[in-house]
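By convention here, the first residue in the shown sequence is residue 1. Order of appearance sets the numbers: ligands from 1, and atoms from 1 within every ligand.
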Amino acid sequence: MLSFHEISFWKTKEKRLLNMESAKKVILTGMQPTGKLHLGGLLGATNNWQKMLDDYDCLFFLADQHAITMPYVPAELRKNTLDCVAQYIACGLDPERCKIFLQSHVIGHAELMWILGCITPIGQLERMTQFKDKSSKVGESVCSGLLYYPVLMMADILLYNAHLVPIGEDQKQHLEITRDIAQKFNNAYSETFVLPEPYIGETGARIMSLQNPAAKMSKSDKNQNAVVHITDSDDVIRKKIIGAVTDSDSKISFDQKNKPGIANLLNIYAAATDQSIEKSIAQFADLTNYAPFKRAVADAVIAKISPIRNKYLTIANDREYLLSVLRAGKEEAQKRANKMMAKIYRKVGFLID
Ligand code: TYM
C-alpha cells in the first residue's frame with residue numbers, strides 16, 4: 001500500500017510528465033498516396049520524420065484529397081492509400097509514437113480550406129510553380145482543385161496549429177503562402193494560427209531522377225529506371241543506381257550545374273548514410289572512375305531500403321491492423337480539428353448553435 005506522500009509524489013511526477021507531453025511542439029506533414037513511395041520521398045521525407053517521433057507531437061497524414069487533383073483511378077487510389085499506411089509504418093513511423101490518419105477522414109480540412117480560400121488572392125495561387133507545372137501537363141482540362149491545392153495544404157497545416165512542417169524543396173513555396181495567409185487571417189480576425197516553419201533536411205531535400213538529373217525523382221515518371229521504389233528488390237536497386245546517368249568526367253565532386261548526376265548520387269549517398277555531403281565527397285576523393293562510387297551508393301541505398309521493404313512485406317496485407325492505425329489517428333485528429341474549427345467559426349462570424 002502506498003503512503004500518502006508516495007501517492008502525492010507520483011501524482012506530481014505524472015502531472016509533470018503530462019505537461020511535458022502537451023508542451024511538445026506539433027509537427028505535421030503528409031504525402032499523396034498516389035503510388036509507391038520512392039527514394040525521394042524516403043530520403044527527403046519519411047527518413048527525417050521518423051527522427052522526430054520522440055521530441056515532437058507528430059501528426060502524419062495521407063493527402064488523399066490532394067490526390068484527386070490530377071487524373072486518377074478510384075480503385076487504385078483506395079488500394080494505394082492503405083498501401084501507403086503500411087509504407088509509412090515500415091519507414092519507422094511507429095503508430096505508438098505518432099498519429100497516422102487520412103485527410104478525407106477528418107471533417108475540417110475542406111471546411112477550413114473554404115474559409116482560407118476567401119482570403120487568398122487568386123493571383124497568388126496562379127503564380128505557384130507547381131500549379132504552373134502541373135496545369136501545363138493537363139492543358140485545357142485543368143481543374144480548379146489544382147489551383148486550390150495550396151489552400152487545402154494551408155488548411156491541413158493550420159487546422160492543427162503545426163509549428164514545424166517537414167517537407168522537400170518542392171513544397172517550400174506552399175509553406176510560404178501558408179504563412180502569408182495565416183498572418184492575414186490573424187490580422188483580420190485576431191491571433192489564431194501559429195505561423196508554421198518549414199523543416200527541410202540538409203541532405204535529401206531534392207532527390208533527382210536517375211535518368212534525367214534535371215528533373216525531380218517522381219512516382220509518375222514513365223521511365224521506371226529513373227525511380228527507386230522502396231519495394232524494389234536489392235538487384236533492381238543496384239541495377240538502377242549503376243545505370244544512373246552521369247557525365248564523361250571521372251572525378252567525384254559536388255557540382256550541381258556541370259555534374260548534376262554525380263551531385264544527385266552524392267546527395268543520395270549522404271542522406272542514406274546520414275552524413276554530410278562534405279564527408280561523402282572526402283570519402284571518394286581519390287577515385288579515378290565512377291564505378292566504385294556507384295557501387296557504394298547502391299550498397300548504401302540497399303542497406304537503407306531492405307529492412308524497410310521487409311517490414312512492409314510483413315504488414316502490407318494486414319488490412320485490419322492498418323485500418324486500426326487509421327481509426328486511432330482519425331479519432332485524435334478529429335478531436336483537435338473540432339476544437340480548432342469551433343474557434344475559427346466563432347472568429348469568422350458563423351452562428352454556433
Ligand atoms: P508529395 O506526395 O508530392 O511528396 C511527399 C513529400 O516528399 C517530398 N518529396 C521529395 N523530397 C525529395 N526529393 C524528391 N524527389 C521528392 N519528391 C517528393 C515532398 O517535398 C513532400 O514533402 N502537397 C504535398 C502533400 C501535402 C502536405 C500537406 C505536406 C498535403 N498537405 C501539408 C505537408 C503539409 C505533396 O504532394 O507531397
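- Among the atoms of Gly168, some N or O lies under 3.5 angstrom from an N or O of ligand 1.
- The atoms of ligand 1 that sit less than 4.0 Å from any heavy atom of Ala63 are 30 (C).
- Within the listing of ligand 1, atoms 30 (C), 31 (N) sit less than 4.0 angstrom from a heavy atom of His66.
- Among Cys84, Pro33, Gly40, the residue whose heavy atom lies nearest to atom 14 (C) of ligand 1 is Gly40.
- In terms of protein heavy atoms, atom 33 (C) of ligand 1 is closest to Thr29 OG1, 3.4 Å.
- Ring-plane geometry between Phe284 and Tyr269 is classed as perpendicular, the angle between the planes exceeding 60 degrees on a 0 to 90 degree scale with a lower cut at 30.
- Atom 3 (O) of ligand 1 has as its closest protein heavy atom Gln171 NE2, 4.2 Å.
- For NZ of Lys330, the number of neighbouring non-hydrogen atoms (other residues, nucleotides, ligands) closer than 6.0 Å is 12 at most.
- Of the options Asn48, Val165, Asn47, the smallest heavy-atom separation from atom 34 (C) of ligand 1 is shown by Val165.
- Contacts between Met31 and ligand 1 below 4.0 angstrom, taking non-hydrogen atoms only, involve backbone and side chain alike.
- The nearest protein atom to atom 7 (O) of ligand 1, hydrogens excluded, is given as Ala45 CB, 3.7 Å; this is a heavy-atom distance.
- His38 counts as a contact of ligand 1, since one of its heavy atoms falls under 4.0 Å from the ligand.
- The N/O atoms of Asp156, backbone and side chain alike, include one that comes under 3.5 Å of an N/O atom in ligand 1.
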For Lys335 and Glu332, run salt bridge (Lys or Arg N to Asp or Glu O under 4.0 Å): C-alpha distance rounded to whole Å, both residues' side-chain angles, the deciding distance at 0.1 Å, then the answer.
CA-CA 5 Å; Lys335 228 189 297 172; Glu332 175 63 26; 3.6 Å; yes
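- Note: an N/O pair closer than 3.5 Å links Gln32 and ligand 1 by distance alone.
- Comparing Ile167, Asp170, Asn267 by heavy-atom distance to atom 20 (O) of ligand 1, the nearest is Asp170.
- Between Tyr160 and His109, the ring planes are tilted. Angles from 30° to 60° get that label.
- Close contacts between ligand 1 and Arg206 involve ligand atoms 12 (C), 13 (N) [criterion: under 4.0 Å to a heavy atom].
- The nearest heavy-atom contact from the protein to atom 25 (C) of ligand 1 is Gly30 O, 3.6 Å.
- Counting heavy atoms under 4.0 Å from ligand 1, residue Ile157 touches it through the side chain alone.
- Within a 6.0 Å sphere centred on NZ of Lys239, heavy atoms belonging to other residues, nucleotides or ligands number 12 at most.
- Residues Lys259 and Asp249 are paired through a salt bridge, judged by an N-O separation under 4.0 Å between the basic side chain and the carboxylate.
- Grouping Ile, Leu, Val, Met, Phe, Trp and Tyr residues whose side-chain heavy atoms lie under 4.5 Å apart, directly or via other members, leaves Val73 alone, with no other cluster members.
- Of the options Phe61, Tyr149, Tyr199, the smallest heavy-atom separation from atom 35 (C) of ligand 1 is shown by Tyr149.
- Atoms CE and CG, from Met153 and Leu116 in turn, are 13.0 Å apart once rounded to the nearest 0.5 Å.
- When the heavy atoms of Ile207, Val227, Leu159 are ranked by distance to atom 13 (N) of ligand 1, first place goes to Ile207.
- Between Lys51 and Asp274, at least one side-chain nitrogen of the basic residue sits less than 4.0 Å from a carboxylate oxygen of the acidic one, meeting the salt-bridge criterion.
- Taking the six-membered ring where the residue is Trp, Tyr345 and Phe350 present perpendicular rings, their angle passing 60° and hence far from 30°.
- In this structure Ile119 satisfies the side-chain contact (heavy atoms from CB on, under 4.5 Å) test together with Ile181, Lys184, Phe185, sequence neighbours excluded.
- Residue Gly44 approaches ligand 1 through these ligand atoms, each under 4.0 Å from one of its heavy atoms: 11 (N), 12 (C).
- Heavy-atom proximity to atom 12 (C) of ligand 1, evaluated over Ala205, Pro198, Pro196, is greatest for Ala205.
- No more than 12 heavy atoms of other residues, nucleotides or ligands sit less than 6.0 Å from atom CD of Glu331.
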